[in-house]
Number of protein chains: 2
Amino acid sequence: MSRRIPLNDQSIEIVARRFAVLAEPMRLRLIQSLFDGEKNVTELTALTGGTQANISRHLQTLIAAHVLDRRKEGLQVFYRIADPSIAKLCDLVCGSLEKSLSRQAAHFDAGR
Amino acid sequence: MSRRIPLNDQSIEIVARRFAVLAEPMRLRLIQSLFDGEKNVTELTALTGGTQANISRHLQTLIAAHVLDRRKEGLQVFYRIADPSIAKLCDLVCGSLEKSLSRQAAHFDAGR
DNA sequence: CAAGTATATACGTATTTGCTCATTCACTAT
DNA sequence: ATAGTGAATGAGCAAATACGTATATACTTG
């Protein structure tokens, strides 16, 4: 997007949707929980502290966005991260936030 | 987020907000328009094809999120990209989308 | 000071979306 | 076949938000 020809309207919408998928705290918690390996819905429900219905909905959203993959094993469904760029994305955002937080801290130190 | 200790609830919310700021097509258009240098509101309104009021609102959102900076010069206000990680973020998303699009294309080629 | 221009904001509306409760679906085991 | 368990979905409600219209603010110039 930056070093490329400007995106057309449709591509812009797709990129926006992608960001929107990552714009919900519960979905970020799910992704975070999956960084160390696949887990089933019951485990994810316990780890994130949501209701089963809600977790299941968010998982469907993440599947539709190709962020996660699923694997069925008997009664259980195991989810795992499908898109390796997700971790980089989150790190980029976290890094940028750390910088702006430390900037704010510096301002406070300076008496602002 | 990936190679770090899991984020606490407050940090998760902040990250989610950050993604949410990038989750609107019009805001992405504004960011894209600013990759090649600062522009004032009138220029941005023309480039993105929105109403002045709407553009102004989105610019305030981007300022609040520290994505953009502003500079006043007489009657005009010039906006520019403040956070250099934005370009990387957009490139990452675009790259990941390209991959999944080409995967889909491959599936179609394979007769799916 | 009055008129004009560039930008910001207030308000109302429509749409989206996240959540819960209840139910259904898929699968296993007795 | 029936009961039981894990996961997905339907319905309805509440909150968030993007948009347009109209108005306000900030600044410049005559």
Side-chain angles (χ1 to χ4, degrees), chain A residues 9-10 12-34 38-82, chain B residues 9-10 12-34 38-82:
Chain A
D9 285 4
Q10 194 189 348
I12 288 268
E13 302 250 352
I14 293 173
V15 173
R17 265 201 177 282
R18 184 120 187 122
F19 280 123
V21 168
L22 301 175
E24 282 304 315
M26 185 57 88
R27 285 198 286 270
L28 290 178
R29 275 188 216 115
L30 289 168
I31 290 170
Q32 189 168 242
S33 301
L34 291 172
E38 68 173 14
K39 295 187 176 54
N40 67 29
V41 178
T42 300
E43 289 172 314
L44 289 170
T45 300
L47 281 171
T48 59
T51 64
Q52 181 268 324
N54 197 32
I55 298 304
S56 188
R57 262 175 226 293
H58 283 304
L59 289 171
Q60 304 320 304
T61 301
L62 290 165
I63 287 288
H66 301 286
V67 172
L68 303 184
D69 269 346
R70 33 179 287 164
R71 176 177 71 85
K72 243 185 142 173
E73 185 178 315
L75 269 181
Q76 306 174 40
V77 180
F78 289 87
Y79 287 83
R80 63 175 177 280
I81 292 178
Chain B
D9 286 4
Q10 194 188 349
I12 288 267
E13 302 251 351
I14 294 173
V15 173
R17 267 199 180 285
R18 184 123 188 119
F19 280 123
V21 168
L22 300 175
E24 282 304 314
M26 185 57 88
R27 286 198 285 271
L28 290 178
R29 275 187 216 115
L30 289 169
I31 290 170
Q32 189 169 244
S33 300
L34 291 172
E38 68 174 13
K39 295 186 177 55
N40 67 29
V41 179
T42 301
E43 290 172 313
L44 289 171
T45 301
L47 281 171
T48 58
T51 64
Q52 182 268 323
N54 199 30
I55 298 304
S56 188
R57 253 195 300 270
H58 282 305
L59 289 171
Q60 304 319 306
T61 301
L62 290 165
I63 286 288
H66 302 286
V67 173
L68 302 184
D69 269 348
R70 34 178 288 165
R71 176 178 71 85
K72 245 185 140 172
E73 184 177 315
L75 269 181
Q76 305 174 41
V77 179
F78 288 88
Y79 287 84
R80 64 177 175 280
I81 291 177

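Proteins come first, then strands; the chains are lettered A, B, ... in the order of their sequence lines, and each starts at number 1.
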Among [options], the one nearest [X] by side-chain distance:
X	options	result
B:Ala53	D:dA18, D:dT21, C:dT7	D:dT21
B:Leu75	D:dG20, C:dA6, D:dG6	C:dA6
A:Arg70	D:dA8, D:dA18, C:dG18	D:dA8
B:Thr51	D:dG20, C:dT20, C:dA6	D:dG20
B:Lys72	C:dT20, D:dC27, D:dG6	D:dC27
B:Gln60	C:dA8, D:dG10, D:dC19	C:dA8
A:Arg57	D:dG6, C:dG18, D:dG10	D:dG10

Nearest-angstrom distance from the residue atom [atom1] of [X] to [atom2] of [N]:
X	N	atom1	atom2	answer
A:Leu68	D:dA8	CG	P	11 Å
B:Lys39	C:dA6	NZ	C1'	18 Å
A:Glu24	C:dT17	CD	P	10 Å
A:Gln52	C:dC19	CD	P	14 Å
B:Leu44	C:dA6	CG	P	14 Å
B:Phe19	C:dT17	CZ	P	18 Å
A:Phe78	D:dA7	CZ	P	8 Å
B:Arg29	D:dC19	CZ	C1'	13 Å

>> Regarding A:Tyr79, tell me which of base, sugar-phosphate or nothing describes its non-hydrogen contacts under 4.0 Å with the strands shown.
In response: sugar-phosphate

Expected output: side-chain [X] to main-chain [Y] donor-acceptor under 3.5 Å:
X	Y	answer
B:Lys39	B:Leu34	no
B:Gln60	B:Ser56	yes
A:Arg27	A:Val21	yes
B:Glu43	B:Asn40	yes
B:Arg18	B:Ala65	yes

So, is [X] close to the [N] phosphate, meaning a side-chain N or O under 4.0 Å from OP1 or OP2?
X	N	value
A:Asn54	C:dG18	no
A:His58	C:dC19	yes
A:Ser56	D:dA7	no

> Which residue, A:Gly74 or A:Met26, contacts DNA chain C at a nucleotide closer to its 5' end, judged by nearest heavy atom?
Replying inline: A:Met26

